[in-house]
Every structure is written in structure tokens, then in C-alpha cells.
Amino acid sequence: MTKQQYILAIDQGTTSSRVMIFDENGDVHSHAGAEFTQHYPKPGWVEHDAEEIWQVTRKVMDEALEAGQLQPTQIAAIGITNQRETVVVWDRKTGAPIGRAIVWQDRRTASLCQELCEEGLEPDWQQWTGLLIDPYFSATKVAWLLQQDVNLRASTKAGEIAFGTIDSWLIWKLTCGKKHVTDITNASRTLLYNIRECRWEPRILQRLDIPEAILPEVVSSSAIIAETDPSIFNGHSVPIAGIAGDQQAALFGQACTTKGLAKNTYGTGSFVLFHTGTEAVHSQQRMLTTIAWQIGKEPVEYALEGAIFITGAAIQWLRDGLGIIQNATETEALARSVDSNDGVYFVPALTGIGAPHWNPDARGLICGLTRGTHRAHLARAALESIAYQTADVMDAMCKEAGIELTELRADGGASRNNFLMQFQADILNVPVDVPVIHETTALGAALLAGRAVGIWPNRETLAARWKLAHRYAPSLRADKRQQLRKNWNRALQLALSP
Ligand code: ADP
């Protein structure tokens, strides 16, 4: 009998680094995690210390091995998934970061983005990169960093400086500076990468005055990309074989590997990703087109992505803003304690509204109140709003891609709410599937790595790692569904024009 092999997945998130070790069945063997410092030096600015991220990640790797009583020699491969778009710039000679990492949430480049939009660049840039011109993406953050220091600019031209997203940075550290790479999914979030021609886009680099010498080499999401330096694991080298941005990894971990399959991660906000096969669908409705992954040397696969700003955060607001619940879990029983929403709708546009409406001026709204309204109706309306917003994004995506949705796969904190999942199935009129493993992001990174080293050699063995915990079948009459969506839409229109 051959000895059991394991895959170590690094999930480097916005607030914490987690490591999950999976066995050959795709089950979690052990895990560890730790938070790191968030820096808010000015309003709208969010920074991380890249060195601290590396140190914390390294520590939790050791802790996860120890918790699982494993030796590095038992790890067949490492997979990496990470917070996307965050920018790290470092000195190639010393390996030290230059300044702090600028996090995806950071809005400091809003005026530069406005300038670029006023120049009329957005249609071309969207066509090339699949993204919109927004501070969220890496490009303007890199440009900002380089503008800060004349010496830095001279060094970039001399090739002494490296830029990368967090995946690049971790691989640089894991290989002790031997590899400066990024995977194609992370590249597709920088606003510097042409997702159709699969190359860094010279016209954008030129406009932002970013020298090509600082960019990483773009590699496949599932292939042996590098080996860890022997100093990392007591003289032993482990292949790094899977890399993907967090939402793409979750799509892979949900086994949405064929055209038409979609997942929604119900967290603070929600990310809907819809696999569109080998076609990059250009969105007319300000949805993002992104690279889903590239497996080995196979053709690149694409997805449409819709970000909904406030979903789980609407529940947090009931708790912290209104104080009408103690914790998120109780919303399920509360929602069930009333027969219907009784005409109460809550549009949680608490920070404007994202896909598919993109209206930063929209304000939150609760309507349909009567003297009979009580907190259960508000809890129910908040949960329902999560499902309506998701349905609005799904409808827009299906229309744009010309593909019909057959099911939706759910993960994230709020996917534990049975009322919400059932209501989602009812409103979409397709089944909603919740898998056994909720940590689909880490699982996705592990699967990408495991595929490359032959543990799960093909799509069938990969898909078999996805196990259904519960399927919520739609059970609402069509006329009732249409009426509810009409009412929601009326409330939404009020929120969109405050
Ligand atoms: P993130 O990764 O964005 O921090 P999580 O996936 O951990 O988010 O999910 C946390 C969010 O889900 C919170 O906003 C919380 O309000 C919401 N949430 C957690 N459990 C439930 C539940 N049972 N019902 C409804 N919402 C929930």
C-alpha cells in the first residue's frame, strides 16, 4: 500500500491567513489560522505589512502540520489562494517590501481613476481586462506607489524592484527569491492584464507609466510552478502546484468547472461567479469578466463576476445598528415565526449598491411598514434581500451569457441559514446546493494543486471531491414568485433614486 499523501492549502485572506491540510479524499485533515494587523493610516486607506503576512502564514503552516502530526515529506503539493488585487512592491536583492501593501479596499486612487474615466479609457480597458476602472483593482495602486519616490522609479527601470499580488509575494518568499510569478487568475484582477490575448497590456502600462521590468511572469493555475526552498521545511522541498485568487478558488472548490455552473459566497458581501466556458463574455451591465483558471496548458476558462456589497452585513446591521437581534443565527427562527414578509422590504444599499446596478448614491430603505410590523418581519426582509440581490445578479448574468442557470452552489457564513437557502431556491426557481465542505476557497486551491501532481488527475476525480450536504429544491408557485420579485423591484427603484 502506498502511503497517504496530503495537500497543504494556504488561504491568505484579508484579515487572516489560514492553512488547511487535505487528505487524498479531499477531506480536511488539520488546519490552523491567525489574524494579522490592519493599518488604516488615513480615511479610505487600508494597508497590510507584507512581511507580517509572510511571517503569520509561515507560522500557521507549521501549526497545521503539527496539528495533523504530519512531516513536510508527507505533503505532496502546496496550493495557494489569496485576497486578490492587493499590491506588494519589494526589493529583489534584499527581499524586503517597499512600504506597506495597498489592500484591495483602499480608495486612495479614486481621483486617478476618475481622471482615466474622463479621458474616455474605460470602454477599451474593459474590453482588454474585463474590469472597470476602479481603485479596487491593482493598476492604479501600483502607479500611485511608483509616483511617490523618484529613486524608486529609477530602481524599477533598472529591474531592481518587483511588483506582485499576494500570491506572487508568498511564492517569492517560499522559494527564497527564486521565482517571481503570478497565476493567471490573479493577473486578471490587476487591470494590467489582457484577458483575451493573455499578456500584460502595453497600452495600459504605458498610460500608467508602469515599467514591464517589475511585473511577474504569468503562470497556469494548476501546474508545478516552483519548489519551496529547502530552508522552509527542514531541508525538504515541496512543489507549489496550484494558485488562484480567492473567488476563483471557491468556484473551483465548488466544482463549477463547466459552462453554466455558478456559485455564490454569502459573506459580509457576496460574490457570484458564473462559469462561461472558454468564452470571455463582455458585460454591458457592468459585471466583471474574469479568468476562472487555466489548468496546465489547457485553454483558459472564464467567468462573469458580480459583487454585491451588503448581504451578511445587513444581518450585522440588524444586530449592531438596530440592536434587534443578538446574533446572526437567530434570524432563521425569527423569519420562520411569521407567515410572510407582510409586504415589508429592506433594500440594504448601506454603502451604495453594486452589481448589477452600480449606484454609489443609492441609500438603504425599509418600506411597507404597518403597526403590525415587528422585528421578525425586519429579520425576514433582511434575509430575503440577500436572495433578491443574488437573483438580480444571476438574471443579468444569464442574459448576458445567453446561458440558463440550472442550479446555484452556495457557501460562506450565511449559507448556514436554511430559511435563506430555501428562499433563494424559491426566488431563483432553481435548486440551491450547499456542500459538505464550507471552506471551498481552500479546497479549490488544494484541488488545483492535487490535479497538477496527479492525486486527482482529471475532471471526474476532481468533481468527485465535491460532496453535497443539502439540496434546497424550489417550491414556490410561479405567480407568487413573480409577485414577490415585482414588489422587491419596486422597493429597489425607490432606493436607487433617493
Ligand atoms: P466574511 O468571510 O465576509 O467575513 P463569512 O463567510 O464568515 O464572511 O460570513 C459572515 C457573514 O455571514 C456575516 O455578515 C454574518 O452576519 C452572516 N451570517 C453568519 N451566519 C449567519 C446566519 N446563520 N444567518 C444569516 N447570516 C449569517
Side-chain angles (χ1 to χ4, degrees), residues 9 11-18 20 31 33-36 38 46 48 81-86 103-105 136 166 245-251 253-254 263-273 305-338 341 346 348-351 354 364 375-390 409-425 427 432 434-435 437-445 469-470 472:
D11 179 1
Q12 204 305 300
T14 309
T15 55
S16 70
S17 286
R18 287 175 297 268
M20 304 199 89
H31 61 93
E35 296 199 347
F36 56 87
Q38 307 290 316
V46 188
H48 290 160
T81 178
N82 55 289
Q83 51 166 317
R84 304 176 301 173
E85 298 106 9
T86 296
V103 180
W104 58 272
Q105 297 152 324
Y136 184 36
I166 294 286
D246 52 11
Q247 296 306 323
Q248 283 93 334
L251 189 69
Q254 283 276 28
K263 71 93 192 167
N264 188 14
T265 302
Y266 296 83
T268 310
S270 283
F271 285 94
V272 182
L273 264 75
E305 174 170 326
I308 309 170
F309 299 155
I310 304 275
T311 55
I315 307 298
Q316 287 169 343
W317 182 74
L318 296 184
R319 187 193 61 196
D320 306 334
L322 292 186
I324 60 167
I325 57 167
Q326 304 273 311
N327 59 59
T329 319
E330 70 180 275
T331 55
E332 180 168 342
L334 267 177
R336 286 191 200 285
S337 73
V338 286
N341 64 11
F346 174 19
L350 307 179
T351 55
R375 67 190 189 106
H377 294 107
L378 294 184
R380 185 168 177 138
L383 290 173
E384 290 186 355
S385 79
I386 299 175
Y388 289 125
Q389 292 186 92
T390 305
R409 296 189 172 179
D411 53 67
S415 70
R416 295 177 201 273
N417 189 307
N418 298 299
F419 172 85
L420 170 61
M421 293 297 102
Q422 183 58 51
F423 190 71
Q424 185 71 81
I427 282 300
V432 172
V434 179
I437 294 189
H438 276 249
E439 292 78 12
T440 53
T441 311
L443 177 63
H470 192 79
Y472 297 84

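We count ligands from 1, going down the list as the structure has it; atoms in each ligand are counted the same way. When reading the values below, keep in mind they use all heavy atoms of this one structure, side chains included, and skip hydrogens, waters and symmetry mates. Sequential numbering from 1 along the given sequence is applied to the chain's residues.
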What protein heavy atom lies closest to atom 21 (C) of ligand 1? Include the residue and the distance to one decimal.
Ala328 CB, 3.6 Å
Under 4.0 angstrom from ligand 1, any heavy atom of Gln316?
yes
Asp11-Thr441 side chain donor-acceptor pair, cut-off 3.5 Å:
no
Identity and distance of the protein heavy atom lying nearest atom 24 (N) of ligand 1:
Asn417 ND2, 3.0 Å
Thr331 heavy atoms within 4.0 Å reach ligand 1 at atoms 24 (N), 25 (C)
When you check the side-chain N and O atoms of Thr81 and Asp246, is any donor under 3.5 Å from an acceptor?
no
Should you measure from each heavy atom of Ala313, which atoms of ligand 1 turn up under 4.0 Å away?
14 (O)
heavy-atom search around atom 6 (O) of ligand 1 in the protein gives Gly413 N, 2.8 Å
Please report which non-hydrogen protein atom sits nearest to atom 12 (O) of ligand 1, along with the residue it belongs to and the distance in Å to one decimal place.
Ala414 N, 3.7 Å
What residue and atom, counting heavy atoms only, is the protein's closest point to atom 23 (N) of ligand 1, and at what distance?
Thr329 CA, 3.7 Å
What protein heavy atom sits nearest atom 17 (C) of ligand 1, and how far off is it?
Gly312 CA, 4.0 Å
For the student: nearest non-hydrogen atoms of Tyr136 and Glu85, plus distance:
O-CB, 3.4 Å
If you take the centroid of each ring, where Trp contributes its six-membered ring, are Phe346 and Tyr388 closer together than 6.0 Å?
no
What are the two closest non-hydrogen atoms of Asn341 and His377, and how far apart are they?
O-CD2, 3.8 Å
Which residue and heavy atom of the protein sit nearest atom 3 (O) of ligand 1, plus the separation
Thr268 OG1, 2.7 Å
For the residue pair Thr265 and Gly412, what are the closest heavy atoms and their distance?
CG2-CA, 4.1 Å
Taking Asn418's backbone N and O only, do any of them form a donor-acceptor pair with Glu332's side chain (distance below 3.5 Å, no angle check)?
yes
Donor + acceptor pair across side chains of His31, Glu439 (<3.5 Å):
no
Should you measure from each heavy atom of Gly412, which atoms of ligand 1 turn up under 4.0 Å away?
6 (O)
